[in-house]
Asks: 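Structure in structure tokens, see below.
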2 protein chains.
Amino acid sequence: MAISWGADLAQRGIAPDCVQTIELVRDVLARVGDKWTLLTITALASGPLRFTALHQQVAGISQRMLGQTLRALTRDGLVTRTAYPEMPPRVEYALTPLGHSLGQAVEGLVGWVRGHQGDILRHRHDFDRAGPDASG
Amino acid sequence: MAISWGADLAQRGIAPDCVQTIELVRDVLARVGDKWTLLTITALASGPLRFTALHQQVAGISQRMLGQTLRALTRDGLVTRTAYPEMPPRVEYALTPLGHSLGQAVEGLVGWVRGHQGDILRHRHDFDRAGPDASG
DNA sequence: CTGGATCCTATACGATACTG
DNA sequence: CAGTATCGTATAGGATCCAG
């Protein structure tokens, strides 16, 4: 894998720069892995959407989480927020090039899961079946 | 992106099969994105390790979380757990081929973050600076 | 040494209500 | 329409103690 994350990097006197990268990677991964970010990004992948449209597209998300997710995404420069001074208000969210590229990067992982879901499911099944019995 | 996750898939009568994939993807992504899984996988990438060795390698992790993470990884068939009936007990954890391949899939994402961390950090900075002031 | 059981805190998230 | 504030619940995760 050639990646030396080691939480112990910091202790070994590795450049803080590198440690920061590690934390950022984990941070981004955690964000992508959360319950709504990915859905939101993919919803925006096909084009800009308004708050309400997103709320429907990413069905199941609460206003609170949508707002929060959007805010985090915007903060990281993954999406843009454009408010039109009209009445009633209109706000459009759109993926930035950066956001699109993240989406593509994620696709690799998605592809992996798709390709190995059978394995994973099978392992889980075996594990769950053996677990309760296997005492050693 | 060409991925139609849509939480609304289920409502539209999309095959449950596909919906299951979506949930599995999210599940795996969430696992990879959690605080310790990635560190643990990368720690094991260079070879099998015992519990205590892992505990040191992934410095900062608690026994509880290490055990929990290892268990989840084992359940998904990403790592193997080999217990030697000795005294004192010795248990070795090793990445399976599946685990290694996941690590590689993740590398793409890691590469993306590395390549774009400057952008992200800059955006965050701008956002945080503008946020408190910008009232619109 | 391995790692589960227990307790506690911080956070994620949902539901609801309220503001511009 | 577009959000924010508040509240309540569920879970993540750390510290510690205990058992095989």
Asks: Name the closest nucleotide to the B:Lys35 side chain, picking from D:dC17, D:dG13, D:dC1.
Replies: D:dG13

Asks: Quickly work out the A:Ile61 CD1 to D:dA2 P distance and round it to whole Å.
Replies: 14 Å

Asks: Nearest to the side chain of B:Phe51, heavy atoms from C-beta on, is which of C:dG3, D:dG20, D:dG14?
Replies: C:dG3

Asks: Could you check which of D:dC1, C:dG3, D:dG3 has an atom nearest any side-chain atom of A:Gln63?
Replies: D:dG3

Asks: A:Asp34 CG to D:dA12 P: how many Å, rounded?
Replies: 14 Å

Asks: Expressed as a whole number of angstroms, how long is the span from B:Glu86:CD to C:dC1:P?
Replies: 14 Å

Asks: Among D:dG20, D:dG3, D:dA2, find the nucleotide with the atom closest to the side chain of A:Thr52.
Replies: D:dA2

Asks: Would you indicate, yes or no, if C:dT6 has its OP1 or OP2 atom less than 4.0 angstrom from a side-chain nitrogen or oxygen of B:Arg64?
Replies: no

Asks: Answer yes or no on whether B:Arg31 is positioned over the face of B:Trp36, meaning its NZ or CZ is under 6.0 Å from the six-membered ring centre and within 45° of the axis.
Replies: no

Asks: Remember a base hit wins even if backbone is also touched, and classify B:Tyr93 as base, sugar-phosphate or nothing at under 4.0 Å, heavy atoms.
Replies: sugar-phosphate

Asks: Figure out the CG/P separation between B:Leu66 and D:dA15, and round it to whole Å.
Replies: 14 Å

Asks: Rounded to whole angstroms, how far apart are CE on A:Met65 and P on D:dA5?
Replies: 15 Å

Asks: B:Glu92 has an atom CD; how far is it from atom C1' of C:dG3, in whole Å?
Replies: 17 Å

Asks: Find the distance between CG (B:Leu98) and NE2 (B:His100) and round it off to the nearest 0.5 Å.
Replies: 10.5 Å

Asks: Measure the spacing between CG of A:Leu73 and CG of A:Leu44 and express it to the nearest 0.5 Å.
Replies: 7.5 Å

Asks: 5'-most contact on DNA chain C: A:Met87 or B:Ala53, nearest heavy atom basis?
Replies: B:Ala53

Asks: Whole angstroms only, please: what is the NE2-P distance between A:His55 and D:dC1?
Replies: 12 Å

Asks: Let me confirm one number: the CZ-CG distance from A:Arg75 to B:Asp128, rounded to the nearest 0.5 Å.
Replies: 4.5 Å

Asks: Any ion pair linking B:Lys35 and A:Asp27 (charged N to carboxylate O, less than 4.0 Å)?
Replies: no

Asks: For the side chain of B:Trp36, counting heavy atoms from C-beta on, which of C:dC1, D:dG13, D:dA2 is nearest?
Replies: D:dG13

Asks: Measuring from the side chain of B:Arg81 (C-beta onward, heavy atoms only), which nucleotide among C:dG3, C:dC1, C:dG14 has the closest atom?
Replies: C:dG3

Asks: Could you tell me the separation between the CZ atom of A:Arg31 and the P atom of C:dA12, rounded to a whole number of Å?
Replies: 9 Å

